[in-house]
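Every chain is numbered from 1 and lettered A, B, ... according to where its sequence line falls, protein lines coming before strand lines.
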Amino acid sequence: MPADTVKTPGRLRRFLDSDIGWSFCHTPVAWLSALVLVLLVLTALFAPLIAPQNPFDLSQIFIDKAEIPPIWQEGGEWPFLLGTDPQGRDVLSAILYGSRVSLIIGSAAVMVSMLVGVSIGLCAGFYGGRVDNLLMRVGDTVLSIPTLLMAILVSAIFREMLPPALREPFSAVVLVLSIALTSWVQYARTVRALTMVERRKEYVLAARIIKVPATRIMGRHILPNTMTPVLVSATLSLGLAILSEATLSFLGVGMPITQPSLGTLIRIGNQYLFSGSWWLVVFPSLQLGLIVLSVNLLGDWLRDALNPKLR
Amino acid sequence: MLDQAATLASARVAGDDIILDVAAACCRFDVSAPALSRLFSHEPRRILRAVENVSLTVRRGTTFSIVGESGCGKSTLARMVVGLQRPTEGKLSFRDIRRADGTIGPPRVQMIFQDPYASLNPRWRVGDIIAEPIRELKLRSDEAAVQQRVGDLLEVVGLSRTDASRYPHAFSGGQRQRISIARALATEADFLVCDEPTSALDVSVQAQILNLMVRLQKEFGLTYLFISHNLSVVRHMSDDLAIMYLGRFVEAGPAEQVFTRPQHPYTRLLLDTIPDVEQPNRERRPMSGEVPSPISPPAGCTFNPRCAQAADRCRVERPELRQLGGVEVSCHFA
């Protein structure tokens, strides 16, 4: 049994007794990836307590410890398990701090796009007609522009609009918005389709007869009945959001060197790849791959487990 | 001035027991293709005439039943009565009534639906489903009173107070229909529109639900607009009966009279289909054909393609509803 995030015994018991809990316990891929993901998230969140060094604290960085290889190689040195970079920063610590940035930006981007997409999908599906047409055509337009190109465009525009002093502190917000702006459409489409089915159901009519306001019908009646597929698609797109963030940072329009994410680390490491310091690019890439892989495997399992046709 | 208005209102309420008045209501839907495709394919507009020129009055405390085959417009009529659908033409008006607590106002209307599996939100507890109208219409001031009322309503419809904390999936079709009725009563409704409330239930459960509805009618003085395609169910309930065919009433009048002396050939056909255990009608010929499309109804009497008595006149001239011995019939040969 994995150490799951569910804490109270009552909840845990109920989770294990449900169909989904059974499927979870009997799918090794599911609980293995959940275990890996929980470990990665915990080490990232508690980076300041775990990491051997704070890579942002100049008093802990020594230039004479620059470019030390990983500890199992000749010239490796304790406590630099995965070696150091040309400025003397510990690669493991940088990865832990970087994962934190990547995970936070990734989940924030998913949440923002979910919020936007679900609200737009609800309105389009519930009101139908012209509102539906307008909102969905906007979505189609967004989808017709390549995601990465759109994200680069948006983050470049945001960056130009901000005064130079605010660019670095706000780069995370800009990243979240530019990723969210391109990925809300899938939620909108899913929710719209489900809303169009639900709003014709008789429990919605019963609420409409007693003149329950439209916003409350959408929020309290229809929304809870559309959430299952939305959660599945959110899990699957979390991996995608983390990757988009890494790509943007790799291309240099994402996180600055002062707050490096995994993508920034890979970009910096890439410059030293041919000088022999392979550990600078390989370990952050492995970490990124591990996060995305475990998120995607978990999402795949969730999609299969919640699919009534596969039960 | 004010006093005069008040006495006028009370006089009208006291002297007149009509609760709903539908005058020449029509409901048409535009089901044409989008304008652009119509332009290219030179198609005309297509109008679906769901309800055509229907008039009826419902008296307080009685049951008015509407019977017809699938697609004859009876559900659209029900949706117009509860306000989910605007009539394209004509008028539906509720008269003010005097309630048991002495207040005068328009009757509260609620609906009981056909499908007990779609009429309750699967994510809500039964207690919240029944409490929703009470909270929305602010019928009780505090939460304890709301819970008290929900418990009372569950007992009225024959369920237990503790069922409030369960989810709809834990109940059978008949129990769900009871929950639906409790939700309708929660509005302190005076007028219930029942859209085939028993057609999705087992026969044994149908009788229980119908008996419950009859009991509640006596207890609370409810008025029902009862929609069904099952004449034997309707006979059990109705005071007045209307037979609907392709959006129009073909026969309407006191239920017993329609049942004992059916005048319209369609009514006779429907009555023939009721199975009888004591006198099985083995010579019965099954009704042939389908209901014609309401988008392009046949000329003349809309029933003529399926009618055994149809003559040339029926294919040209449409019979209007006319009074005939206490009932209204639209047939040239009645």
Side-chain angles (χ1 to χ4, degrees), chain A residues 10-11 14-15 17-21 118 122 125-134 136-137 140 190-191 193-232 306-308 311, chain B residues 30 34 36 75-76 78-85 106-126 128-139 167-169 176-177 179-189 191-197 200:
Chain A
R11 281 262 181 89
R14 247 192 296 162
F15 172 73
D17 285 342
S18 65
D19 287 358
I20 212 129
V118 167
L122 268 179
F126 188 79
Y127 292 112
R130 284 204 187 140
V131 180
D132 180 30
N133 245 332
L134 177 75
M136 285 300 114
R137 291 306 82 76
D140 289 348
T190 317
V191 171
L194 292 164
T195 305
M196 289 169 83
V197 174
E198 292 296 322
R199 74 161 173 167
R200 286 175 207 287
K201 288 210 177 147
E202 293 168 346
Y203 69 87
V204 174
L205 298 185
R208 278 174 57 196
I209 292 171
I210 53 167
K211 311 245 172 356
V212 179
T215 46
R216 216 170 317 162
I217 291 182
M218 284 193 261
R220 300 198 52 211
H221 279 290
I222 298 177
L223 184 64
N225 285 301
T226 61
M227 276 330 271
T228 312
V230 169
L231 286 181
V232 171
L306 293 175
N307 186 346
R311 266 188 207 162
Chain B
D30 190 346
L36 205 61
S75 286
T76 308
R79 291 170 63 101
M80 286 200 290
V81 170
V82 294
L84 287 174
Q85 187 77 53
R108 288 220 177 88
V109 184
Q110 244 309 344
M111 193 159 174
I112 297 169
F113 296 95
Q114 176 176 8
D115 183 358
Y117 293 89
S119 59
L120 306 175
N121 189 339
R123 307 260 164 182
W124 283 29
R125 286 174 199 279
V126 168
D128 291 320
I129 291 173
I130 298 173
E132 189 191 24
I134 309 174
R135 292 186 182 133
E136 280 300 326
L137 301 170
K138 301 198 171 54
L139 298 174
Y167 283 97
H169 65 73
R176 281 160 179 255
Q177 212 58 307
I179 296 168
S180 231
I181 293 173
R183 173 179 59 191
L185 293 178
T187 57
E188 282 159 28
F191 190 102
L192 287 187
V193 177
C194 315
D195 188 1
E196 311 216 18

Handout entry: Between B:Ile129, B:Val109, B:Thr187, B:Asp115, the one whose heavy-atom pairs under 4.5 Å with chain A are most numerous
Key =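 The answer is B:Asp115.
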Handout entry: Top of B:Gln110, B:Arg108, B:Met111 for chain A proximity - count of heavy-atom pairs under 4.5 angstrom
Key =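 So the answer, after comparing B:Gln110, B:Arg108, B:Met111, is B:Gln110.
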Exercise for the section: Using a strict 4.0 Å threshold on nitrogen-to-oxygen distance, state whether B:Glu132 and A:Arg220 make a salt bridge. Expected result: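 Result for this pair is no, no salt bridge flagged.
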Practice task
Please flag which part of B:Arg183 lies under 4.5 Å from any non-hydrogen atom of chain A: side chain, backbone, both or neither.
Solution key: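 For B:Arg183, the side chain is the part near chain A, not the backbone.
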Can you give me the closest heavy-atom contact between [X] and [Y], atom names plus distance?
X	Y	value
B:Pro122	A:Tyr203	CD-CE2, 4.3 Å
A:Pro213	B:Glu136	CD-OE1, 3.8 Å
B:Phe113	A:Ile209	CZ-CD1, 4.1 Å

Practice task
Examine whether an atom of A:Arg200 lies under 4.5 Å from a heavy atom of chain B, and if so say whether it belongs to the side chain, the backbone or both; otherwise answer neither.
Solution key: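 A:Arg200 has no heavy atom closer than 4.5 Å to chain B.
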Problem - A:Arg130 atom CZ: more than 12 heavy-atom contacts under 6.0 Å - result: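 Count not over threshold, so no.
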Practice task
Output the distance between atom NZ (A:Lys201) and atom CG (B:Leu120), rounded to the nearest 0.5 Å.
Solution key: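 It comes to 11.5 Å.
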Practice task
Measure the CZ-CD1 distance between B:Arg135 and A:Ile210 for me, rounded to the nearest 0.5 Å.
Solution key: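 Between atom CZ of B:Arg135 and atom CD1 of A:Ile210 there are 11.5 Å.
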